[in-house]
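Just below is one structure, and these are the notes that go with it.
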Amino acid sequence: DGGITQSPKYLFRKEGQNVTLSCEQNLNHDAMYWYRQDPGQGLRLIYYSQIVNDFQKGDIAEGYSVSREKKESFPLTVTSAQKNPTAFYLCASSGRSETNEQFFGPGTRLTVL
Amino acid sequence: AQSVAQPEDQVNVAEGNPLTVKCTYSVSGNPYLFWYVQYPNRGLQFLLKYITGDNLVKGSYGFEAEFNKSQTSFHLKKPSALVSDSALYFCAVRDRTNAGKSTFGDGTTLTVKP
């Protein structure tokens, strides 16, 4: 089956620790995205990548980092600099054209204790 | 800058009645508009999109949406609602001038009561 996988589904970390969220796709999509979802605030773009070895900051990149070493993978690291990291994180991919819809993974719920 | 507004946090309808979920947008170029649906604790699923051409677009699960350029709107509609349509709905916009970024609305919770 083609799709996007995110792991783990639930993640708990202590305050001050960095944590990396996994995102893998086998849809052969060039573009990948990370969003943060908080109640009542919709989806906010953290980082996106339109091609391997290149990525851009989204609207709320502070306290996050990414890498795009392979077309299939776009891991997100939530650093200790992120002041309020508890949230639902969604990864997505699409073709590079602006006319393409995005395909979303099932999400990772991060709770920082 | 591009933006999307979904003016209603919640929409409640009775099963079998028509439903409308509203969306207005602002972009500097030609808009590409999308609707997505999210079921509890899951990722978003694509419903339909407007790129160009016919202003009425049809999508999955019997949903359709009407693009209105003069009112900068892209409202989601369904002639007869089902209880299973209850979910969180997001409108999104992209345009060519913004490097492929999507901007999402805050979402509208649709509740269909039997």
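To find a chain, count down the sequence lines: A is the first, B the second, and so on, and within it residues start at 1.
Residue A/R109 touches chain B through its side chain alone, counting heavy-atom pairs closer than 4.5 Å. Proximity to chain B is limited to the side chain of A/Y33, based on heavy atoms less than 4.5 angstrom apart. For chain A, the nearby part of B/Q38 is the side chain; its heavy atoms alone come within less than 4.5 Å. At a 4.5 Å heavy-atom cutoff, the contact between A/Q37 and chain B is made by side-chain atoms alone. Only the side chain of B/Y36 comes within less than 4.5 Å of a heavy atom in chain A; its backbone stays farther off. Only the side chain of B/L88 comes within less than 4.5 Å of a heavy atom of chain A; its backbone N, CA, C and O stay farther away. For B/I51, the part sitting under 4.5 Å from any heavy atom of chain A is the side chain, from C-beta outward, and nothing else.
Note: the hydrophobic cluster containing B/L48 also contains B/Y25 (ILVMFWY, side chain heavy atoms under 4.5 Å, direct or indirect links). Cluster annotation: A/F55 and A/L43 are assigned to distinct hydrophobic clusters (Ile/Leu/Val/Met/Phe/Trp/Tyr, side-chain heavy-atom contacts under 4.5 Å, transitive). A/F88 is connected to A/L45 through a chain of hydrophobic side-chain contacts under 4.5 Å among Ile, Leu, Val, Met, Phe, Trp and Tyr, so both are in one cluster.
For the residue pair A/T20/A/N18, the side-chain donor-acceptor check at 3.5 Å is not satisfied. At a cut-off of 3.5 Å, with distance as the only test, a side-chain donor of B/Q6 or B/T108 sits close to an acceptor on the other residue.
Per-residue counts of heavy-atom pairs under 4.5 Å with chain A were compared for B/T109, B/V4, B/T52, B/L44; the largest is that of B/L44. Of the listed residues (A/S94, A/S97, A/G42), the greatest number of heavy-atom pairs within a distance under 4.5 Å of chain B belongs to A/G42.
Remark: aromatic rings of B/F63 and B/Y89 are close, center separation under 6.0 Å.
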